[in-house]
Visitor: 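Dropping a structure here in structure tokens format, bear with me for questions.
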Number of protein chains: 2
Amino acid sequence: MARLPIYQRLLLELVRSGTRTVSSEQLAQMAGVNASKVRKDLSFLGSFGTRGSGYDAEYLLTQIDRELGLDGDWPVAIVGIGNLGRALANAPGFTSRGFRVSALFDVEPSLVGTRVRGVPICHLDEFEAAVAADPPAIGVIATPPADAQHVADRMVRAGTRAILNFASRVLTVPAGVLLRNVDLSIELQVISFHLSHHEEGGDAGGGLVPPTVGPVGGPYGLARAEQ
Amino acid sequence: MARLPIYQRLLLELVRSGTRTVSSEQLAQMAGVNASKVRKDLSFLGSFGTRGSGYDAEYLLTQIDRELGLDGDWPVAIVGIGNLGRALANAPGFTSRGFRVSALFDVEPSLVGTRVRGVPICHLDEFEAAVAADPPAIGVIATPPADAQHVADRMVRAGTRAILNFASRVLTVPAGVLLRNVDLSIELQVISFHLSHHEEGGDAGGGLVPPTVGPVGGPYGLARAEQ
DNA sequence: TAGATTGTTAATCGATTAACAATC
DNA sequence: TAGATTGTTAATCGATTAACAATC
């Protein structure tokens with residue numbers, strides 16, 4: 001379920017601030033979603049709540065971590081170390097529990113040999129050799145669109161099981177490989193669409209939420225509207 | 001509709017390569033979606049197709065551009081010019097038709113006064129003064145999570161009608177302001193979830209598509225699976 | 001006319017939500 | 001026991017898709 005990572009982050013903050021138990025109503029408020037939805041989402045993991053008092057925050061967090069596979073080790077290879085690739089290599093989400101940046105690649109000679117957070121940037125020509133010892137489970141494509149399919153093909157051949165693509169290009173991968181796309185210009189165009197269709201801004205929020213109460217917008221439903 | 005930007009990009013390529021007409025079946029193949037869905041999406045704009053032959057690519061592109069508001073002028077202000085902010089300021093999607101990077105902000109003294117693509121980076125303290133002459137329609141937040149809400153508040157006070165938030169923090173905005181969130185670590189966690197639940201990779205694709213045919217994965221449905 | 005393809009209907013599917021019995 | 005909150009059911013809603021009459 002796409003909302004588990006949101007609950008995970010909220011629970012992490014709660015646990016760190018010393019909260020012992022949390023109700024679905026509280027989590028819903030913080031995530032900006034419906035309490036029924038929170039309970040439905042969490043019941044997907046099993047019956048971890050206690051009627052009358054709520055959920056044990058720490059235990060729930062452990063269960064979500066396990067469900068998300070964050071107790072595993074996912075080596076991540078990033079190809080294309082421009083500003084975006086560099087941002088990703090440095091992002092907390094890419095270096096935190098579960099994930100490990102295992103290899104970086106580019107074709108720019110001045111970049112090859114330099115390091116980002118201790119990981120050396122290799123030339124794309126050395127891709128197969130560089131990943132052989134520590135094959136990445138996840139490949140991240142942050143190249144220009146023209147190179148994206150080629151890079152994806154090499155990742156797939158090297159055994160990568162999932163690809164996160166930031167290039168504005170439709171990619172083709174075999175059925176066994178998971179592909180997710182993030183396109184920053186599409187986000188901007190979705191906003192443009194909503195702005196054009198609501199004279200005074202508006203509560204469009206991707207059309208995912210009721211207009212008068214609750215959160216506005218966002219693919220992850222992270223926002224809360226003020227009352 | 002969230003797929004219009006995908007059709008827009010595909011049509012732009014088709015028109016540039018000289019294609020005159022395109023069928024819903026062709027567009028569906030290229031976008032990795034169902035042909036019925038394409039026709040349904042396009043009929044939302046009006047009846048622009050011709051039975052028996054398909055859609056006039058150039059005319060359809062014009063209509064989609066208009067629907068997406070790409071014939072307008074959307075000034076974009078970016079706060080937080082780290083690697084991510086810099087990548088965004090340079091991204092084609094942020095400088096192409098419809099959008100214009102109008103102002104950049106950071107709090108790092110060594111950055112203030114430098115330029116990205118000709119746009120000077122101002123100190124965040126000067127935000128109100130800097131945007132007064134050319135108020136941004138869209139604000140982009142690429143700051144650390146701790147600063148995100150503060151920046152959002154200032155954007156809203158300055159009249160920004162939409163915010164694109166890249167910080168891993170739930171933001172609160174008034175009901176009239178459109179908020180969209182992009183969280184890179186959530187994308188990774190979604191992948192981790194699917195990898196943990198499918199021993200041999202798998203065609204999970206966000207669970208949005210049938211397993212044996214058609215596209216895999218991605219919030220935008222950009223991918224095509226090989227047959 | 002024959003073939004192709006749209007636009008739209010109706011069926012299906014899955015996600016969301018309110019409601020409430022179960023129960024701490 | 002009384003109050004609170006879960007887990008789950010059933011209703012609702014919207015999105016997807018197959019099918020096909022309309023029509024170029």
Side-chain angles (χ1 to χ4, degrees), chain A residues 1-4 6-7 11 14 19-57 59-60 63-64 190 204-221, chain B residues 1-4 6-7 11 14 19-57 59-60 63-64 190 204-221:
Chain A
M1 194 65 72
R3 284 177 299 268
L4 284 182
I6 301 166
Y7 303 143
L11 284 166
L14 286 173
T19 304
R20 305 300 273 276
T21 63
V22 62
S23 69
S24 60
E25 187 57 56
Q26 287 175 289
L27 267 178
Q29 283 252 331
M30 287 185 291
V33 298
N34 186 290
S36 282
K37 198 187 285 185
V38 171
R39 291 200 294 279
K40 192 92 168 186
D41 289 345
L42 296 183
S43 74
F44 173 70
L45 309 177
S47 295
F48 296 138
T50 306
R51 290 166 199 235
S53 63
Y55 300 87
D56 180 295
Y59 183 66
L60 186 56
Q63 294 304 317
I64 292 182
V190 170
L208 297 171
V209 289
T212 51
V213 301
V216 293
Y220 311 117
Chain B
M1 194 66 71
R3 284 177 299 268
L4 284 183
I6 302 167
Y7 303 143
L11 284 167
L14 286 173
T19 304
R20 304 300 275 274
T21 63
V22 62
S23 70
S24 60
E25 187 56 57
Q26 286 174 290
L27 268 178
Q29 283 251 333
M30 287 185 291
V33 298
N34 186 291
S36 284
K37 198 187 284 184
V38 171
R39 291 200 293 279
K40 192 91 166 187
D41 290 344
L42 296 183
S43 73
F44 173 69
L45 309 177
S47 295
F48 297 139
T50 305
R51 290 166 199 236
S53 64
Y55 301 86
D56 180 294
Y59 183 65
L60 186 57
Q63 294 304 318
I64 292 182
V190 169
L208 298 172
V209 289
T212 50
V213 300
V216 293
Y220 311 117

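Note on naming: letters A, B, ... go to the chains in the order of the sequence lines (proteins, then strands), and numbering restarts at 1 for each one.
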Visitor: What pairs of nitrogen or oxygen atoms, one from the protein and one from nucleotides 11-13 of chain C, lie under 3.5 Å apart?
Guide:
none

Visitor: Could you spell out the base pairing of DNA chain C as a dot-bracket line? Use Watson-Crick and G-U wobble contacts where both distances are under 3.5 Å, [ ] for crossing pairs, | for partners on a different strand.
Guide: ..||||||||||||||||||||||

Visitor: Got a sec, which pairs hit salt bridge (charged side-chain N to carboxylate O under 4.0 Å, His left out) with one end in residues 26-35 of chain A, sequence neighbours left out?
Guide: none

Visitor: Under 3.5 Å, side-chain donor or acceptor atoms of residues 38-47 of chain B against the rest of the protein: list the pairs with distances, not counting sequence neighbours.
Guide:
residue, atom, partner, partner atom, Å
Arg39(B), NH1, Ser24(B), OG, 3.0
Asp41(B), OD1, Arg3(B), NH2, 3.0
Asp41(B), OD2, Arg3(B), NE, 2.7
Asp41(B), OD2, Arg3(B), NH2, 3.2
Asp41(B), OD2, Tyr7(B), OH, 2.7
Ser43(B), OG, Arg39(B), O, 3.4
Ser43(B), OG, Lys40(B), O, 2.8

Visitor: Side chain to side chain contact (heavy atoms under 4.5 Å, CB included) with Thr19(A): which residues, sequence neighbours excluded?
Guide: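 So Thr19(A) forms a side chain to side chain contact (heavy atoms under 4.5 Å, CB included) with Leu14(A), Ser17(A).
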
Visitor: Using a cut-off of under 3.5 Å, enumerate the N/O to N/O pairs linking the protein to nucleotides 3-8 of chain C.
Guide:
residue, atom, partner, partner atom, Å
dT5(C), O4', Gly52(B), N, 3.1
dT5(C), O2, Gly52(B), N, 3.4
dT6(C), OP1, Ser24(B), N, 2.6
dT6(C), OP2, Ser24(B), OG, 2.5
dT6(C), O2, Arg51(B), NH1, 3.1
dG7(C), OP1, Phe48(B), N, 3.3
dG7(C), OP1, Gly49(B), N, 2.8
dG7(C), OP1, Gly49(B), O, 3.4
dG7(C), OP2, Tyr55(B), OH, 2.8
dG7(C), O4', Arg51(B), NH2, 3.1
dG7(C), N7, Arg39(B), NE, 3.0
dG7(C), O6, Arg39(B), NE, 3.2
dG7(C), O6, Arg39(B), NH2, 3.0

Visitor: ring-ring contact (aromatic ring centres under 6.0 Å, His included): which pairs involve residues 23-42 of chain A, sequence neighbours left out?
Guide: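 Listed once each, the pairs would be none.
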
Visitor: Show your reasoning for whether ring-ring contact (aromatic ring centres under 6.0 Å, His included) applies to Phe48(B) and Tyr55(B).
Guide: CA-CA 7 Å; Phe48(B) 297 139; Tyr55(B) 301 86; 8.6 Å; no

Visitor: What's the verdict on side chain to side chain contact (heavy atoms under 4.5 Å, CB included) for Leu27(A) and Val33(A), showing C-alpha distance, side-chain angles and the deciding distance?
Guide: CA-CA 8 Å; Leu27(A) 267 178; Val33(A) 298; over 6 Å; no

Visitor: Identify the heavy atoms of Ala31(B) and Ile6(B) that sit nearest to each other, and give their distance.
Guide: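 Scanning both residues, the minimum pair turns out to be CB-CG2, 4.1 Å.
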
Visitor: Which pairs with one or both residues in residues 21-40 of chain A pass ring-ring contact (aromatic ring centres under 6.0 Å, His included), sequence neighbours excluded?
Guide: none

Visitor: Using a 3.5 Å distance criterion without hydrogens, assess whether the side chain of Gln29(B) forms a donor-acceptor pair with backbone atoms of Gln26(B).
Guide: no

Visitor: Heavy-atom distance under 4.5 Å between the side chains of Val22(A) and Leu11(A), does that happen here?
Guide: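 Side chain of Val22(A) against side chain of Leu11(A), heavy atoms only: contact under 4.5 Å found.
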
Visitor: In this structure, how many angstroms lie between the P atom of dT17(D) and the NZ atom of Lys37(B), rounded?
Guide: 4 Å

